[in-house]
There are 2 protein chains.
Amino acid sequence: MATRTAAQRRAEAAAAYDAYIAECPTRQLLDRISDKWVSLVVNALAGGPLRYGELARVVASISQKMLTQTLRNLERDGLVSRTVTPSVPVRVDYELTPLGVGLLPVMQALKTWAEANMDDVLAARATYDSGIN
Amino acid sequence: MATRTAAQRRAEAAAAYDAYIAECPTRQLLDRISDKWVSLVVNALAGGPLRYGELARVVASISQKMLTQTLRNLERDGLVSRTVTPSVPVRVDYELTPLGVGLLPVMQALKTWAEANMDDVLAARATYDSGIN
DNA sequence: CTGAATCCCGTCCGATACTG
DNA sequence: CAGTATCGGACGGGATTCAG
């Protein structure tokens, strides 16, 4: 058939467009730092190296699984370094790499805007919700 | 029993800690802008008001459902304004509010860091992955 | 044209149990 | 101490269909 559905047309446009946004550095950065636990772990490590167990205690609400997963991702991206000391028992330290440290100012900028403007957002949200009910 | 499980101890700590991070402005901001579509829609609106259909075309890969949902969220948060012109057919324009405009520099900061450093991250990722296989 | 409602599948993530 | 393995519920989000 000659005619195409809306879905097909979207798919064609998306083929080119999505390829772009998927590789968009900003998109990738957002995907990384917006991870529920990444910002917390990075912040915990901002003060210096920590052991696995210490991280688990500092970021108290994180599960073992997510802590490990988060650390693996950060290590994979070169934002955090992992150092194993083969003693008994084994000791593993995690530390921000220079690249990871470079992320701190960015997070700080986010924090600054958030603290300055989230009140307005929350107020808008309350107003909006009250109009609904 | 007097002893508590690890989960229980985590829950106690989390009760206080999570209450904090859930209300943490930075956390909330991250939750908002990290939404898959928010950054794209906001960027599309950075150049000026757009109609619903125009947005759908600009952000080609977005589905109707997610476009509407994203716009509702942004409207709720006071970042985007919605203007209905009761003609036939109906016309609806979306526009960034001053609050929404204030978000642009923040996104720009993110973009700047990403463009400067994501190459390193990608390189680290490639190295890490090659070590695995 | 703009949008709401429904179905449904994939992914995330928490709990739990086991290993070196 | 520092993980790994597996299961299952919750949720995001796409396709489709209906409505004003």
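Please read all numbers here as calculations on a predicted model, not as lab measurements. We name chains A, B, ... by the order of the sequence lines, and we start the count at 1 in each one. Hydrogens, waters and symmetry mates play no part in the numbers below; they use all other heavy atoms, side chains included.
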Between the axis at one end of the helix from C:dC1-D:dG20 to C:dG20-D:dC1 and the axis at the other (five pairs apiece), what's the angle to 10 degrees? 40°

Whole angstrom value for the distance that separates P of C:dA5 from CD of B:Gln69: 12 Å

Separation of atom CG in B:Asn73 from atom C1' in D:dC11, rounded to whole Å: 14 Å

Short side-chain N/O contact to D:dG14 OP1/OP2 from B:Trp37, under 4.0 Å: yes

Spacing of A:Lys36 atom NZ relative to D:dC11 atom C1', expressed in whole Å: 12 Å

Partners passing side chain to side chain donor-acceptor pair (under 3.5 Å) against B:Arg82 (at least two apart in sequence or in another chain): B:Tyr94

Could you tell me the separation between the CG atom of A:Leu30 and the CD atom of A:Gln28, rounded to the nearest 0.5 Å? 10.5 Å

For the pair made of CG in A:Asp31 and C1' in C:dC12, what is the distance, rounded to whole Å? 14 Å

A:Ser87 (side chain) donor-acceptor with A:Pro89 (main chain) under 3.5 angstrom: yes

Extract all donor-acceptor atom pairs below 3.5 Å that involve side chains of residues 109-118 of chain B and protein atoms in other chains or at least two apart in sequence.
residue, atom, partner, partner atom, Å
B:Thr112, OG1, B:Gln108, O, 2.9
B:Trp113, NE1, A:Gly102, O, 3.1
B:Trp113, NE1, B:Asn117, OD1, 3.3

Check whether B:Thr97 reaches the backbone of B:Leu79 with its side chain - one donor and one acceptor, N or O, closer than 3.5 Å. yes

Measure all distances between protein nitrogen or oxygen atoms and nitrogen or oxygen atoms of nucleotides 2-5 of chain D, and list the pairs falling under 3.5 Å.
residue, atom, partner, partner atom, Å
D:dA2, OP1, A:Arg51, NE, 3.2
D:dA2, OP1, A:Arg51, NH2, 3.2
D:dA2, OP1, A:Val92, N, 3.4
D:dA2, OP2, A:Gly53, N, 2.8
D:dG3, OP1, A:Arg72, NH2, 3.2
D:dG3, OP1, A:Arg82, NE, 3.4
D:dG3, OP1, A:Arg82, NH2, 2.4
D:dG3, OP2, A:Tyr94, OH, 2.6
D:dG3, N7, A:Gln64, OE1, 3.3
D:dG3, N7, A:Gln64, NE2, 3.3
D:dG3, O6, A:Gln64, OE1, 3.4
D:dT4, O4, A:Gln64, OE1, 3.3

Side chain to side chain donor-acceptor pair (under 3.5 Å) contacts touching residues 38-49 of chain B (sequence neighbours left out): A:Arg27-B:Ser39

Any residue meeting side chain to side chain donor-acceptor pair (under 3.5 Å) with B:Arg125, in chain and number order, not counting sequence neighbours: A:Asp77

Could you state the CE-P distance from B:Met66 to D:dT16, rounded to the nearest angstrom? 17 Å

Rounded to the nearest 0.5 Å, how far does CD1 of A:Ile62 lie from OG1 of A:Thr70? 4.5 Å

